[in-house]
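See below for the structure under consideration.
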Amino acid sequence: MNNHLFTIIKNAMPKHFLKFRKVFINIACSPLILISNNSELAAKFLPNELKQSITSLEINNLKNGLFNGFEIKQDQNYFIAEKQKNINQESVLISEIIIEGWENHPEGRKLELAAYDSMSIKPGSTVDNKILNQDLNAIYASGWFSGVNIKSQDGPLGVRLIVNVVPNPILTKVELKPKDSVISNSYVDNIFNNFYGTTLNLKELQNKIEIIRKRYESEGYSLARISGPDRIAEDGIVTLNVSEGIISDLKLRFLGSDGESNIDGKPRKGKTKDWVIKRELKTQPGTIFNRKTLEADISRLYATSLFDDIKVSLGPDNSNPGQVIIFLDLSEQRTGSLTGGLGYSNSSGIFASIGLQESNALGRAWSTNFNLNFGEYSTTYNFSLTDPWIKGDKHKTSFRTNLFLSRDYPQEFKSEKNGRIYAVNDTNTSSSDAFSSIVLEKIGGGFSFSRPLNGGDPFKVSKWRVLAGMNFKKVKMIDGDGNKKPYGDMTPTTGNISDIICIGFTPKDGSCPAENTLVSVIASTSRNNLNNSSNPTSGNKLSFGTEQFFSMGNNSPTFNRMKASYSFFVPTKLINLTKACKSGNLSSEDCPQTIGFQFKAGTILGELPPY
């Protein structure tokens, strides 16, 4: 016999044990106790065929002896004991323990010892049914076996326990199903690499599954669920079923001031178009739910300044088991505003301004702005429209255009010490010339396109941004009454001709046009390394731009304007008035204090008009 035999011979047997032997001799057949149990591990990983082949032990309430009260079924000369709820605690002495079922396994001896070491029962132990069940569970809990039977047999020296085990196969491979899971098979192999070629241990398998589950969770896949294999293949390949949490649908619900999303039983309609909201979401139907991705999506929605509050909830998809529906409850904020004010500046003097802004025009997140400025030296009308993201563009290109009309009394032609320059219509001085102020009337517009260098991924955070566009402007040199007067003279009635200047652009032929046409192409780039673009407390920003003006005729100058700037911010806590500012954490968001520095440089090359 290949089984390892553990035997202790007792010279004297207890009386109740002798009585027990006589009962079985009278029956004239070999008594067997068949005990089997299904632990949690076995329930997870046991093959269906093996489950059907194992009979669970049910034990009746024992009143008159260890084996009295059994519901005994005689079948092929052995007895099956079926356990009931109550268990009698009367005990018997075990003389031998034999482990079977490991003989043909490559690591059989190791498994034999593992089964024996898992048991509290040893030869010479006094046991009852409760202890037998505990040991059976302990053998399962070791993780090395997918099936365990415990039989008792009347031997020449006493009761012999025969433990029949079904060892797990040699582990050769662990795979995830589906194969295109977020976690790669190479990562799984790295986890199980030291266990390939050894007996599969279900307990260790559970520990490694937990490592994979934590990896999913750390990467934001909080809905991922990993279940054990349906069965353990004889070739040692274990397939883990992964439910990663597929999003089946994403639904938007607009909330009113009452917090309800329905009006008279119908869904409330929001001002913002659905595609404007969903283009900000990397989380889309058909993708795997990721908590970190959704948090970034919500941050982008808040950054649009279209919403006061955003709430997220998840619900099961009854038509697609294992998939979820994401509900976004959106509270839109007021996007229109009317502003006005009074102020003073050197160029405009005392001025009043009024503005009308709408940051969600037509529900497309377009920003429109109409401003009127009435000043002592300047009057300006300006209209601008900005599309922060051209529909359908994966580079997240933005577009801006503007139109303007202004009349300025340029202060460059005034001096407290040296007097002022007056507008005249020619180079001839005359006593009839009026002392008219120089007025510049400008009308024009422009457009520009800007995009981050994201490589076509609209959700990629890119520090670099480029801009390109064109500007158009027509400048008229007039007086306060609208008359064309392209020249300027400090003493229009008595001055010398040599004192008269051309206010606008002077062509090479020496003429002085009353109108100048300015056409330019602009280009710029910037690198934003600030922690917050709108309210920075640390980081830096570098920008460089150029504007090239092209000649469009005799009255059109050619020149180039370049400028560069560099800003950086140093977090500090100079004012410690709040509790957060008194703490030692300089990066605390509750105390946003910083010192900012900015350096600028620029130059102009070419034929620059005096104005």
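Reckoned from all heavy atoms, side chains included, excluding hydrogens, waters and symmetry mates.
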**Prompt:** How far apart are the closest heavy atoms of Val466 and Leu453, and which atoms are they?
**Reply:**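 In terms of heavy atoms, the two residues are closest at CG2-CD2, 4.0 Å.
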**Heavy-atom closest contact (Ile350 atom, Tyr344 atom, distance)** = N-CD1, 3.5 Å
**Request:** State, yes or no, whether a side-chain contact exists between Asp408 and Val439 at a heavy-atom distance under 4.5 Å.
**Result:** no
**Prompt:** Quick one: are Arg465 and Ser450 in side-chain contact, heavy atoms under 4.5 Å?
**Reply:**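 They are in side-chain contact.
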Run the ring pair (Phe, Tyr, Trp, His ring centres under 6.0 Å) test against [X] and tell me which residues pass, sequence neighbours left out.
X      : result
Phe307 : none
Tyr377 : none
Phe559 : Phe549
Tyr221 : none

Which pairs count as salt bridge (charged side-chain N to carboxylate O under 4.0 Å, His left out) when at least one residue sits in [range], sequence neighbours excluded?
range            : value
residues 552-567 : Glu547-Arg561
residues 246-260 : Arg253-Asp329, Asp258-Arg268
residues 349-365 : Lys271-Glu358

**Request:** Take Glu607 and Thr558, measure what side chain to side chain donor-acceptor pair (under 3.5 Å) needs, and give me the verdict at the end.
**Result:** CA-CA 6 Å; Glu607 305 164 338; Thr558 300; 5.0 Å; no
**Asked** So, Asn529 versus Lys463: side-chain donor-acceptor pair below 3.5 Å or not?
**Response**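 Asn529 vs Lys463: donor-acceptor pair found between side chains.
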Partners passing side chain to side chain contact (heavy atoms under 4.5 Å, CB included) against [X] (at least two apart in sequence or in another chain):
X      : result
Ile212 : Val188, Ile191, Phe192, Tyr216, Ile226, Leu240
Lys394 : none
Ile595 : Thr572, Leu574, Phe597
Ile246 : Ile288, Gln323

**Prompt:** Is the NZ or CZ atom of Arg215 positioned over Tyr187's six-membered ring, under 6.0 angstrom from the centre and within 45° of the axis?
**Reply:**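 Here Arg215 passes the 6.0 Å and 45° test against Tyr187.
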[X] [atom1]: over 12 foreign heavy atoms closer than 6.0 Å:
X      : atom1 : answer
Lys278 : NZ    : yes
Phe399 : CZ    : yes
Met562 : CE    : yes

Please answer whether the main-chain N or O of [Y] pairs with a side-chain N or O of [X] as donor and acceptor at a distance below 3.5 Å.
X      : Y      : value
Asp393 : Thr397 : yes
Asn531 : Ser538 : yes
Glu515 : Lys474 : no
Ser556 : Gly553 : no

**Asked** When you look at Phe374 and Thr380, which way does the side chain to side chain contact (heavy atoms under 4.5 Å, CB included) test go after all the steps?
**Response** CA-CA 7 Å; Phe374 304 95; Thr380 303; over 6 Å; no
**Request:** Apply salt bridge (charged side-chain N to carboxylate O under 4.0 Å, His left out) to the pair Glu175 and Lys179, showing each step before the final yes or no.
**Result:** CA-CA 8 Å; Glu175 298 176 340; Lys179 292 184 177 181; 5.5 Å; no
**Asked** Going through the distances and angles, do Asn371 and Asn373 end up as a side chain to side chain donor-acceptor pair (under 3.5 Å)?
**Response** CA-CA 7 Å; Asn371 287 319; Asn373 287 288; 6.0 Å; no
**Message:** Assess whether a salt bridge exists between Arg213 and Glu217, defined as any Lys/Arg side-chain N lying under 4.0 Å from an Asp/Glu carboxylate O.
**Reply:**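 Looking at Glu217 together with Arg213, the answer is yes, because their closest N to O distance falls below 4.0 Å.
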**Asked** Yes or no on side chain to side chain donor-acceptor pair (under 3.5 Å) for Thr546 and Asn560, after CA distance, side-chain angles and deciding distance?
**Response** CA-CA 7 Å; Thr546 181; Asn560 181 272; 3.0 Å; yes
**Request:** Would you list the pairs meeting side-chain hydrogen bond (donor to acceptor under 3.5 Å, both in side chains) in which at least one residue belongs to residues 434-447, sequence neighbours left out?
**Result:** Arg407-Glu441, Arg420-Ser437, Ser436-Lys485
**Request:** Walk me through it: do Asn454 and Ser462 pass the test side chain to side chain donor-acceptor pair (under 3.5 Å)?
**Result:** CA-CA 6 Å; Asn454 55 22; Ser462 176; over 6 Å; no
